[in-house]
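Below is one structure, written out as structure tokens, with a few remarks after it.
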Amino acid sequence: YIFGGSGMNDLRKYDITGNSWSLQSSASPVARNAHTTVLYGTKMYVFGGHTGTSGLNDLWEYDLTTFIWTQRTSGATARWAHSAVINAGKMYVFGGQTPTYLNDLWECDITTFTWTQKTSGATARVQHSAVVNAGKMYIFSGQGCPNDLWECNLTTFTWTQKTSGATARILASAVVNADKMYVFGGH
């Protein structure tokens, strides 16, 4: 699924087996870019972003079985160019800008939609990469910070700076597989 982009608020689905794209026909959130999207079970969550004129702090849930959008409780301050990950039924939103660069960490319980601000330890940044593995979130590089890698334990909320061997970058993508973080591209 792909949602949004500069001036867009459409949701598109790609069928890997059938090699075809389709437009999902459902009312949707306002057009945005620099937002985050995470998947939990059969539901997709879109948080924040920028309309082109202002930042957003809305949280939207899209049910992949009923094809219905539902607006959920907002909690974190409006932001864009942030990161979000899912771990154990909770979404974690880190950093971004308002336009001031942020280094706050927010937890949203996906079952109750209760938001809680957590302890932050990494430096403020935007357009960074984030992944989750074994109950820990990893934040890499981004604009407004040095070439660094941070680990946040999502149980104790202790932050540890790790060794960073990759070149500093913004707008990169990252994934985790077999306890390895892979970072691709960027600027």
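Residues Tyr101 and Gln143 meet the side-chain proximity criterion, which asks for heavy atoms closer than 4.5 Å. Between Lys13 and Asp15, the closest side-chain pair of non-hydrogen atoms is not below 4.5 Å. A heavy-atom distance below 4.5 Å is not found between the side chains of Ile2 and Tyr14. For the pair His35 and Trp60, the minimum side-chain heavy-atom distance is 4.5 Å or more. Counting heavy atoms from C-beta outward, Thr70 and Arg72 have side chains that approach closer than 4.5 Å.
In this structure, Thr119 OG1 and Asn153 CG are separated by 11.5 Å, a value rounded to the nearest 0.5 Å. In this structure, CZ in Arg169 is found 12.0 Å from NE2 in His187, a value given to the nearest 0.5 Å. Remark: Glu61 CD to Ile68 CD1 distance equals 10.5 Å, nearest 0.5 Å. The structure places CZ of Phe47 at 11.5 Å from OG1 of Thr37, a figure rounded to the nearest 0.5 Å. Going from atom CG of Leu56 over to atom OG1 of Thr77 covers 12.0 Å, rounded to the nearest 0.5 Å. For the atom pair OH (Tyr138) and CG (Asn133), the distance works out to 6.0 Å, reported to the nearest 0.5 Å.
Evaluated for a side-chain hydrogen bond (donor to acceptor under 3.5 Å, both in side chains) with Arg79, the options Thr100, Asp104, Thr36, Asn57 yield exactly one hit, Asp104.
For the 3.5 Å distance criterion, the side chains of Gln24 and Tyr1 fail to qualify, holding no donor opposite an acceptor.
Below 30°, between 30° and 60°, or above 60°: for Trp150 and Trp159 the angle between ring planes is above 60°, a perpendicular geometry. Aromatic ring orientation, Tyr45 versus Phe113: tilted (interplanar angle from 30° to 60°).
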Can I get a per-line list of side-chain donor-acceptor pairs under 3.5 Å for residues 123-132, giving both atom names and the distance, sequence neighbours left out?
residue: Thr123; atom: OG1; partner: Arg125; partner atom: NH2; Å: 2.7
residue: Arg125; atom: NE; partner: Thr123; partner atom: O; Å: 3.0
residue: Arg125; atom: NH1; partner: Ser141; partner atom: O; Å: 2.8
residue: Arg125; atom: NH1; partner: Asp148; partner atom: OD1; Å: 2.7
residue: Arg125; atom: NH2; partner: Thr123; partner atom: O; Å: 3.4
residue: Arg125; atom: NH2; partner: Asp148; partner atom: OD1; Å: 3.3
residue: Arg125; atom: NH2; partner: Asp148; partner atom: OD2; Å: 2.9
residue: His128; atom: NE2; partner: Ser83; partner atom: OG; Å: 2.8
residue: Ser129; atom: OG; partner: Ala172; partner atom: O; Å: 3.2

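When the side chains of ILVMFWY residues are joined at heavy-atom separations under 4.5 Å, either directly or via intervening members, Val85 and Val175 end up in two distinct hydrophobic clusters. Linking Ile, Leu, Val, Met, Phe, Trp and Tyr whenever their side-chain heavy atoms come within less than 4.5 Å puts Trp106 and Ile110 in one cluster. Criterion: ILVMFWY side-chain heavy atoms under 4.5 Å apart, direct or through other members. Under it, Val38 and Tyr40 are part of a common hydrophobic cluster. Linking Ile, Leu, Val, Met, Phe, Trp and Tyr whenever their side-chain heavy atoms come within less than 4.5 Å puts Val176 and Leu149 in one cluster. In terms of hydrophobic clustering, with Ile, Leu, Val, Met, Phe, Trp and Tyr side chains grouped at heavy-atom distances under 4.5 Å, Leu39 and Phe67 are assigned to a common cluster.
For Asp109 (side chain) and Thr114 (main-chain N/O), no donor-acceptor pair under 3.5 Å exists by modelled atom type. In this structure a side-chain-to-backbone donor-acceptor pair under 3.5 Å is missing from Arg12 to Asp10. Panel note: side chain Asn147, backbone Ala166; a donor-acceptor pair is recorded below 3.5 Å.
Residues Gly48 and Arg32 share a closest heavy-atom pair of O-NH1, 2.8 Å. Nearest heavy atom pair, residue Ile139 against residue Phe94, reads CD1-CD2, 3.8 Å. Nearest heavy-atom pair across Asn87 and Gly135 is OD1-CA, 3.7 Å. Shortest non-hydrogen contact noted between Ala84 and Val93 is CB-CG2, 4.3 Å. Nearest heavy atom pair, residue Leu105 against residue Tyr92, reads CD1-CB, 4.1 Å. Between Tyr182 and Asn177, the shortest heavy-atom contact is CE1-O, 4.0 Å.
Within the structure, salt bridge (Lys or Arg N to Asp or Glu O under 4.0 Å) contacts touching residues 89-98 (residues at least two apart or in different chains) do not occur.
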